[in-house]
S.K.: 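Handing you this structure, nothing more for now.
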Amino acid sequence: MNITVLTGAGISAESGIKTFRDSNGLWENHDIMEVASPQGWQKNPELVLDFYNQRRELLHQVHPNKAHLDLALLQQKHNVQIITQNVDDLHERAGSSNVLHLHGELFKARSTGNPNYIVSWKKDLNIGDTCPDGYQLRPHIVWFGEAVPMMDNAIKIIENTDILIIVGTSLQVYPAAGLMQYAPFRSKLYYIDPNPAIESTKNIKVINEKASTGVKKAITELNL
Ligand code: APR
């Protein structure tokens, strides 16, 4: 059975990583366009690097929670593909093998001169940190206004899924938010979020709970 899990910031909330759009979320305290857009990077790269250095520093201090761990366990019995909007590595640390990062990865840096030069980067990233060709490195993050290169792969995965479980996303950011439209008609859809963006219909079951309990509930209801 093919199981696809689409996750957003909410799955990492109980690990201690702030979501973006909840009250006191990241975008309440930062101007999106200043820190997460190509224009912001052109205008003030130090500010952008500082923002992601803080995120990276925090990521070193947190751990996967029960929801990440329960999803990782699922792959013992099923073919599980995680598609995450998150730039943290908590799914990987929980043990999930197949993780597609739609919006990039905090622990990677990329050359501003060669988009194919991508390296592991766990410390602060500063002005003057360059690739071997001398180009400044930038966070390996998909910023607002940029293409989402992994989208085609994500669509193919969802088109072949038997079950789609969506966890902890406000479904505000496209194209990621449109991915569920690609789930086959016969597939089963679950959406777990304590403040869900949509209501249950005959096509999708909404579990109005935090990820730590909601994921377990979905796994039990689906008999996985
Ligand atoms: N368990 C599950 N869901 C939770 C929890 C929790 N403990 N706490 C909060 N949530 C839910 C909120 O109710 C909300 O629906 O997580 C969701 C977080 O929404 P956003 O902050 O908008 O995060 P996300 O949907 O992942 O954002 C998408 O926006 O700026 C970007 O690139 C960034 O990937 C991100 C994208």
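Keep in mind that the numbers below use all heavy atoms, side chains included, and drop hydrogens, waters and symmetry copies. Read the numbers this way: they start at 1 and go in the same order the structure lists the ligands and their atoms. Predicted model only: the values in this text are computed from it and were never measured. Start at 1 with the first residue, then count along the sequence.
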S.K.: Counting only nitrogen or oxygen atoms and a 3.5 angstrom limit, does Gln172 reach ligand 1?
M.R.: no
S.K.: Hey, does Ile192 come in under 3.5 Å of ligand 1, counting only N/O atoms on both sides?
M.R.: no
S.K.: Is Thr169 close to ligand 1, meaning an N/O of one under 3.5 Å from an N/O of the other?
M.R.: yes
S.K.: Any N or O on Ala211 sitting closer than 3.5 Å to an N or O of ligand 1?
M.R.: yes
S.K.: Out of Glu28, His101, Glu14, whose heavy atom sits nearest atom 7 (N) of ligand 1?
M.R.: Glu14
S.K.: Would you check the N or O atoms of Phe144, main chain and side chain alike, for any that come under 3.5 Å of an N or O of ligand 1?
M.R.: no
S.K.: Can you name the one residue among Ser212, Ser15, Ser96 that meets side chain to side chain contact (heavy atoms under 4.5 Å, CB included) with His68?
M.R.: Ser15
S.K.: Aromatic rings Phe144 and Trp27: how do their planes relate, parallel, tilted or perpendicular, breaks at 30° and 60°?
M.R.: perpendicular
S.K.: Rounded to the nearest 0.5 Å, how far apart are CG of Leu222 and NZ of Lys205?
M.R.: 9.0 Å
S.K.: Considering only heavy atoms of Asn195, which atoms of ligand 1 have at least one such atom less than 4.0 Å away?
M.R.: 13 (O), 15 (O)
S.K.: Applying a strict 4.0 Å limit to heavy atoms, is Gly25 in contact with ligand 1?
M.R.: no
S.K.: Identify which of Glu209, Lys18, His103 has a heavy atom lying nearest to atom 32 (O) of ligand 1.
M.R.: His103
S.K.: Distance from Ser111 atom OG to Asp129 atom CG, nearest 0.5 Å?
M.R.: 12.0 Å
S.K.: Considering distance alone, does some N or O of Ser170 sit under 3.5 Å from an N or O of ligand 1?
M.R.: yes
S.K.: Heavy-atom distance under 4.5 Å between the side chains of Ile3 and Met1, does that happen here?
M.R.: yes
S.K.: For ligand 1, find out whether one of its N or O atoms is nearer than 3.5 Å to an N or O atom of Arg21.
M.R.: yes
S.K.: Would you say Tyr191 has any N or O atom under 3.5 Å from an N or O of ligand 1, going by distance alone?
M.R.: no
S.K.: Would you sort out whether Phe20 and His30 count as a ring-ring contact (aromatic ring centres under 6.0 Å, His included), showing the intermediate values?
M.R.: CA-CA 10 Å; Phe20 297 95; His30 297 272; over 10 Å; no
S.K.: Within the structure provided, determine whether Ser97 and Gln75 are in side-chain contact (heavy-atom separation under 4.5 Å).
M.R.: yes
S.K.: Measure across Ala183 and Leu189 and return the closest heavy-atom pair with its distance rounded to 0.1 Å.
M.R.: CB-CD1, 3.8 Å
S.K.: Backbone or side chain, does any N or O of Ala9 fall under 3.5 Å from an N or O of ligand 1?
M.R.: yes
